[in-house]
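For ligands, and for the atoms within them, numbers begin at 1 and follow the listed sequence.
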Amino acid sequence: MSSSVIDFIATEARFGARNYEPIGVVLSRGEGVWVWDTQGNRYLDCLSAYSAVSQGHCHPKILAAMVEQAHRLTLTSRAFHNDQLALFYEEIAALTGSHKVLPMNSGAEAVESAIKSVRKWGYEVKGVPDGQAEIIVCANNFHGRTLGVVGFSTDPETRGHFGPFAPGFKVIPFGDAPALAEAITPNTVAFLVEPIQGEAGVVIPPAGYFTEVRELCTANNVMLVLDEIQTGLGRTGKLLAEQHEGIEADVTLLGKALSGGFYPVSAVLSNNDVLGTLRPGQHGSTFGGNPLACAVARAAMRVLVEEGMIENAARQGARFLEGLKDIRANTIREVRGRGLMLAVELHPEAGLARRYCEALQGKGILAKDTHEHTIRIAPPLVITSDQVDWALERFAAILTQDFS
Ligand SMILES: *Cc1c(COP(=O)(O)O)cnc(C)c1O
């Protein structure tokens, strides 16, 4: 490699908006669970691009579908039909049991689209007076970065100096069903929530929470919108995280792994007439539902099922969690997770999680800190037992050191 790591990092810093603070590694290649930097060093990817690369880096079958489709047709806009969208609809509906699909691109766009749809449903079906619709959300939520979405974030970093924000959102604590019961009014159209709060540090709600949430939403004719952009498509060891709770959302949001990391593809799925309120001209996206996106998403869903990745996530997730729990280290406050969505929370005195992630990098593992004291671990769902054990040895070596 002729270009040095410093060149890439310095050039990014010089020209780019500095809205990220990446770990100091410049990646140039990926395959399965592995990525390589420009110097040829290999790392086990324990972030998977925030769960977008669940199928593993550069999965050959998704790649082949993408290349094949790119040769034929990439974008038509929705002004015309294309020969991939119907197949994408059919396959995602069959996979998830949904009736209606709205294709978008980024996760945040799917969230925005759901907000628009449930408001419209509220006015046109539920009978909420125009302009009065309320949506309930949870503290420490993460639903993306658009203005509408950051307006109901509770993180000062996320919201700070971006206002004024749109009204119509009410914040309640996560995992607290009585708080939901209390917050619902006749104008409540939806409860928007993550099954597990990923960005907040892999926060798993108490058992039975979602059963109560489902009952409250049904009893009050409130749409339950589950943001499964991170938890969905096998990450937690089931196709959808809602299946752990034995419930069904009214509206489900998917993104990230829907394309296996090749391309931004997201979708709003609904089991009732929420999406049915959208009529021609009322919502859209130039790239949403384009043939390239559809072909990529179809392949990404197919390999997830055909190659047993969901079952593997359950199996390897359990192994990883047990292994992390077996690490005896004073630095660890709690280990938690479901499937391959895992986190190690450090004692505040142990020092910043960032330092541990940098040390892990030196051992060939890329993981990401979140909220100062938590290391998030989310490898691709194709990880093997040997690779989990390999990773655990390295986590043990680093977590038993003190970086305070
Ligand atoms: C990543 C994420 C989003 C936003 O997705 P983008 O593609 O980054 O816009 C929304 N909700 C959840 C739960 C996420 O993890």
Mind telling me whether F152 and H143 have parallel, tilted or perpendicular rings, with 30° and 60° as the class edges? tilted

Charged N to carboxylate O under 4.0 angstrom, E199 versus R376? yes

Which residues pass the salt bridge (Lys or Arg N to Asp or Glu O under 4.0 Å) test with D83, sequence neighbours left out? R72

Could you please provide the protein residues found below 4.0 Å of ligand 1 on a heavy-atom basis, arranged by chain and number? S106, G107, A108, F142, H143, G144, E194, D227, I229, Q230, K256

Any pair counted as salt bridge (Lys or Arg N to Asp or Glu O under 4.0 Å), so long as it reaches residues 384-399, sequence neighbours left out: R319-D389

For K170, look at atom NZ and say whether over 12 heavy atoms of other residues, nucleotides or ligands are found less than 6.0 Å away. yes

Looking at residues at least two apart in the chain, or sitting in another chain, which of them share a side-chain hydrogen bond (donor to acceptor under 3.5 Å, both in side chains) with S259? none

